[in-house]
Asker: 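This structure is in structure tokens; I'll ask about it shortly.
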Amino acid sequence: MLSRSSLKLSRVATLVVAVILGVLPVRAEQPPAPADEGIVPKRGRITPYNGAALPEGSEKPAKSDTNAKPRKAEEKPSGGVNIIDRMGAELPALPAEKPFAGKVDEAYGAFQRGYYLTAMDLALPRAQLGDPAAQTLVASILEQGLGVARNPKDAAFWYGQAANNGDPAAMFKYALILMEGRYVKRDRKAADELMKKAADLGNAAAQFNYGQTLVADAPGQKGLKAAMPYYEKAAEQGIADAQYALSQIYLNVEGIDDGKRARAREWLARAARAGYDTAQLDMAIWLIEGIGGDRNLDEGFAWMRRAAEGGNVVAQNRLAHLLVNAIGTRPDPIEAAKWYVLSRRAGLKDDALEDFYLGLNDSQQKSALAAANKFRSS
């Protein structure tokens, strides 16, 4: 369901934070596509994944002590109330629903239910009388061609009217139009002023994009610090790009308050849970390497797999390494080869993994190729 606040976030600039700070040093080249990706002659040896040493700092599993004395009764931890005990327990009563005293917007109600022509019929007369909310709704319907012919030029006109009448969502949209010079004369200064105004009025998309503008205008730590308050506001409202940007700033920029620096991994996790694949990749690396908090190889592997399955090529390459070296998982040469093949097809060259792949026997190579083909077609 759509609402006024769910107008699509448009990224004005690429995430400058990731460019400046860097995310992951990976040697990626674009090699010519192999003529035949079938079975290849052997050369080199399989990477010794069995019994591979854990990364430095990892604790070895403790050996069982058959002579250890049993704990005293008073030393046993409490079992608490387990999930079986809780099943069927009566939930607390919900608080009484507060009556809605505001005015019902029938045009937006029709829009949210998918009755776009009805929404247009109800909103257009109000828009013509200067109602900014109705003007934004009309613009959105025309921009997307919902129930009517798509008309971006008329949409730009109505966004402009709504922006002039103080609607933050329209300010954000019209700032983009001014910035790109679509259907109106390009005006970067007016676009920046309108974007800032929308951001200061609480529009989350405008907050992130205005932060991007500040970083683009002042590359380096100065621009990042200036943008940080806007990223923080957008992150609190659920913008995953802003959450990721905050994680990088909090961890890498000098002079950041220790309390904020300690929250870098928290923001990265929120962006990762929102489905941002670059954040998922970084989350895996941070957990495996102990960046921004304690190490957790199992969770790091799980995040790397999630990013790889989502199509992140670097994550596919790194997942292959984890499977080869049994980091956070059991060794699995065929699964490792599958992910290597997928990343290689995407143009990411890796000499170590190539040597590992060529060391597999014919049956293993065939199985890996079949698994890679199945993943690509699914």
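Positions are given from 1 along the sequence.
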Asker: Given side chains that start at C-beta, do those of N317 and R344 come closer than 4.5 Å, heavy atoms only?
Answerer: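 The answer is no; the side chains never approach within 4.5 Å.
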Asker: Can you confirm whether the side chains of Y116 and Q144 place a donor and an acceptor under 3.5 Å from each other?
Answerer: no
Asker: Tell me whether Y108 contacts the main-chain N or O of A133 through its side chain, where contact means a donor paired with an acceptor under 3.5 Å.
Answerer: yes
Asker: Mind checking the CD1-CG spacing from I141 to D154? Nearest 0.5 Å is all I need.
Answerer: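 Reported value, rounded in 0.5 Å steps: 13.0 Å.
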Asker: Does any donor atom in the side chain of N165 or Q135 lie under 3.5 Å from an acceptor atom in the other side chain?
Answerer: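 Q135 and N165 do have a side-chain donor-acceptor pair below 3.5 Å.
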Asker: Could you verify whether a donor N or O on one side chain and an acceptor N or O on the other, from Q248 and D282, lie under 3.5 Å apart?
Answerer: yes
Asker: Nearest 0.5 angstrom please: L369 CG to K374 NZ, how far?
Answerer: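 Here the rounded value is 15.0 Å.
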Asker: Working to the nearest 0.5 Å, report the span between OH of Y244 and OH of Y276.
Answerer: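 With rounding to 0.5 Å, OH (Y244) is 6.5 Å from OH (Y276).
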Asker: Quick one about E266 and Y250 (side-chain donor to acceptor, distance below 3.5 Å, no hydrogens or angles considered), yes or no?
Answerer: no
Asker: With rounding to the nearest 0.5 angstrom, report the CD to CZ distance, Q207 to F172.
Answerer: 11.0 Å
Asker: Within the 4.5 Å heavy-atom criterion, are L281 and M304 side-chain neighbours or not?
Answerer: yes
Asker: Can you tell whether the side chains of D362 and K366 come within less than 4.0 Å, N to carboxylate O?
Answerer: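 No, no charged N to carboxylate O under 4.0 Å.
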Asker: Mind telling me whether F375 and W339 have parallel, tilted or perpendicular rings, with 30° and 60° as the class edges?
Answerer: perpendicular
Asker: Rounded to the nearest 0.5 Å, what separation is found between the CE atom of M171 and the OG1 atom of T136?
Answerer: 9.5 Å
Asker: Q212 versus Y230: any side-chain heavy-atom pair under 4.5 Å?
Answerer: no
Asker: Does the gap between the ring centers of Y231 and F208 come in under 6.0 Å?
Answerer: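 Between F208 and Y231, which both carry aromatic rings, the centre distance is below 6.0 Å.
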Asker: Any salt bridge between D192 and R188, counting N to O under 4.0 Å?
Answerer: yes
Asker: Looking at D294, is its backbone amide N or carbonyl O close enough to the side chain of R265 to form a donor-acceptor pair, meaning the two atoms are under 3.5 Å apart?
Answerer: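 Side chain of R265 to backbone of D294, a donor-acceptor pair under 3.5 Å: yes, one is there.
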Asker: Test your reading of the model: is there a side-chain donor-acceptor pair from D355 to the backbone of D351, 3.5 Å cut-off?
Answerer: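 Side chain of D355 to backbone of D351: no pair is present.
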Asker: Quick one: do E335 and R305 make a salt bridge, cutoff under 4.0 Å?
Answerer: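 Answer for the salt bridge query: yes.
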Asker: So, are K233 and E236 salt-bridged, with charged N and O less than 4.0 Å apart?
Answerer: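 The answer is no: the pair does not qualify as a salt bridge.
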Asker: Does some side-chain heavy atom of L142 sit less than 4.5 Å from a side-chain heavy atom of M120?
Answerer: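 Side chain of M120 against side chain of L142, heavy atoms only: contact under 4.5 Å found.
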Asker: Is there a side-chain contact between N209 and M179 (heavy atoms, below 4.5 Å)?
Answerer: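 Side chain of N209 against side chain of M179, heavy atoms only: no contact under 4.5 Å found.
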Asker: Which pair of heavy atoms, one from A119 and one from A107, lies closest together, and at what distance?
Answerer: CB-O, 3.4 Å
Asker: As a quick check of understanding, evaluate side-chain contact (heavy atoms from CB on, under 4.5 Å) for I288 and L322, giving each step before the final call.
Answerer: CA-CA 10 Å; I288 291 168; L322 297 182; 3.7 Å; yes
Asker: Does the side chain of M228 come within less than 4.5 Å of L224's, by heavy atoms?
Answerer: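 Counting from C-beta outward, L224 and M228 never come under 4.5 Å.
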Asker: Answer yes or no: is there a donor N or O on one side and an acceptor on the other, between the side chain of R261 and the main chain of L251, under 3.5 Å?
Answerer: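 Here the side-chain-to-backbone pair exists.
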Asker: I'd like to check L146 versus F111 (side-chain heavy atoms, cut-off strictly below 4.5 Å). Are they in contact?
Answerer: yes
Asker: Is L297 reachable from L319 through a run of I, L, V, M, F, W or Y residues, each pair having side-chain heavy atoms under 4.5 Å apart?
Answerer: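 The answer is yes; both residues are in one hydrophobic cluster.
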Asker: For the hydrophobic clusters of this structure (ILVMFWY residues joined by side-chain heavy atoms under 4.5 Å, transitively), does one cluster hold both V148 and F157?
Answerer: yes
